[in-house]
Amino acid sequence: DVKVTQSSRYLVKRTGEKVFLECVQDMDHENMFWYRQDPGLGLRLIYFSYDVKMKEKGDIPEGYSVSREKKERFSLILESASTNQTSMYLCATYRESNQPQHFGDGTRLSIL
Amino acid sequence: LAKTTQPISMDSYEGQEVNITCSHNNIATNDYITWYQQFPSQGPRFIIQGYKTKVTNEVASLFIPADRKSSTLSLPRVSLSDTAVYYCLVGDEAAGNKLTFGGGTRVLVKP
């Protein structure tokens, strides 16, 4: 079974802080994604990566950046956290096109 | 923004069949349709995937018409534990085959 591990289940930070959300997968998948999930809006894609050091913007990249230095780890960075970034953040991975995505259990981030 | 459309919510009773339809007019030629289930405080979990016609596994069936512009997830004889949000996922041709989730359908199964 694919295991996708997000570093924190719950996180509380203050406005203006730099925030790192980490995601690690154990199946050597090339493709990794970061989503945020908000009530009534479903899952929205922030960034994705098809290979090490490669990244592409999703639907809502503003205010975020990502880092993929190793294949198994994909980090989401909030350079200067704001209250409108309070959300559930979900990491996902899959092996190749048209294969199912495997999700972590999410990080519930609160920005005060 | 998502280019798929699903009903926001559906209610059902234990033992009934639940059918959820997803519209995806801009599906890419080579893309599959995938459905996920999500419980509170968990990540989405894969249910079923198909390309055309009908696919069935131990938990659900997926019906896809010839034009592939919609798909219907069928959950036979639901139980209380099937209460969840169900998402359909397809490629978005208008956005260069970027994967796009639908808005999700909240299914409530009542006793």
Side-chain angles (χ1 to χ4, degrees), chain A residues 1-11 21 23-25 27 29-50 55-62 74 87-109, chain B residues 1-9 20 22 24 27-52 55 57 59-60 62 64 68 71 73 84-106:
Chain A
D1 251 8
V2 178
K3 188 165 179 62
V4 181
T5 303
Q6 296 186 227
S7 52
S8 305
R9 290 299 304 273
Y10 301 93
L11 204 55
L21 302 183
C23 175
V24 178
Q25 49 104 355
M27 285 302 292
H29 287 177
E30 272 117 16
N31 308 290
M32 297 189 76
F33 299 79
W34 275 107
Y35 295 88
R36 66 176 282 177
Q37 185 172 30
D38 301 286
L41 297 176
L43 277 77
R44 294 181 292 167
L45 181 62
I46 305 171
Y47 267 97
F48 57 101
S49 170
Y50 288 149
K55 60 184 179 184
E56 288 200 26
K57 294 179 180 180
D59 295 318
I60 51 165
E62 295 78 21
F74 192 33
S87 185
M88 168 71 87
Y89 290 87
L90 289 158
C91 174
T93 178
Y94 73 94
R95 182 175 297 282
E96 58 190 22
S97 182
N98 296 321
Q99 293 295 305
Q101 293 189 32
H102 301 269
F103 285 83
D105 279 334
T107 297
R108 189 166 293 280
L109 175 65
Chain B
L1 294 175
K3 297 295 194 293
T4 58
T5 304
Q6 302 174 234
I8 294 173
S9 63
I20 310 169
C22 177
H24 30 77
I27 187 170
T29 302
N30 296 325
D31 279 303
Y32 281 63
I33 299 154
T34 311
W35 284 81
Y36 292 83
Q37 176 191 55
Q38 186 178 25
F39 298 112
S41 300
Q42 294 185 22
R45 185 181 67 173
F46 170 77
I47 301 175
I48 196 166
Q49 184 182 64
Y51 183 81
K52 61 181 179 180
V55 178
N57 63 20
V59 298
L62 180 59
I64 305 168
R68 304 200 330 122
S71 59
L73 174 72
V85 179
Y86 293 82
Y87 290 94
C88 104
L89 177 64
V90 298
D92 188 338
E93 188 169 23
N97 292 333
K98 185 173 58 183
L99 298 174
T100 304
F101 272 82
T105 299
R106 187 174 300 276

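In what follows, chains are A, B, ... by sequence order, proteins preceding strands, each numbered from 1. The analysis underlying the following values was restricted to heavy atoms, covering all of them including side chains, and did not include hydrogens, waters or symmetry mates.
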Original post:
Taking A/His102, A/Glu56, A/Arg9 one by one, which has the highest count of heavy-atom pairs under 4.5 Å against chain B?
Top reply: A/Arg9
Original post:
What's the shortest heavy-atom distance between B/Pro44 and A/Leu90, and which atoms?
Top reply: CD-CD1, 4.0 Å
Subject >> Residue pair A/Gln101 / B/Tyr36: nearest heavy atoms and the distance that separates them >> reply: N-OH, 2.6 Å
Original post:
Which region of B/Gln42, side chain (C-beta onward) or backbone (N, CA, C, O), has a non-hydrogen atom less than 4.5 Å from a non-hydrogen atom of chain A, or is it both or neither?
Top reply: both
Original post:
What option among A/Gln37, A/Met88, A/Gln6 has the most heavy-atom pairs under 4.5 Å with chain B?
Top reply: A/Gln37
**OP:** Say whether, by atom type as modelled, one donor and one acceptor occur between the side chain of A/Arg108 and the main chain of B/Ser41 under 3.5 angstrom.
**Re:** no
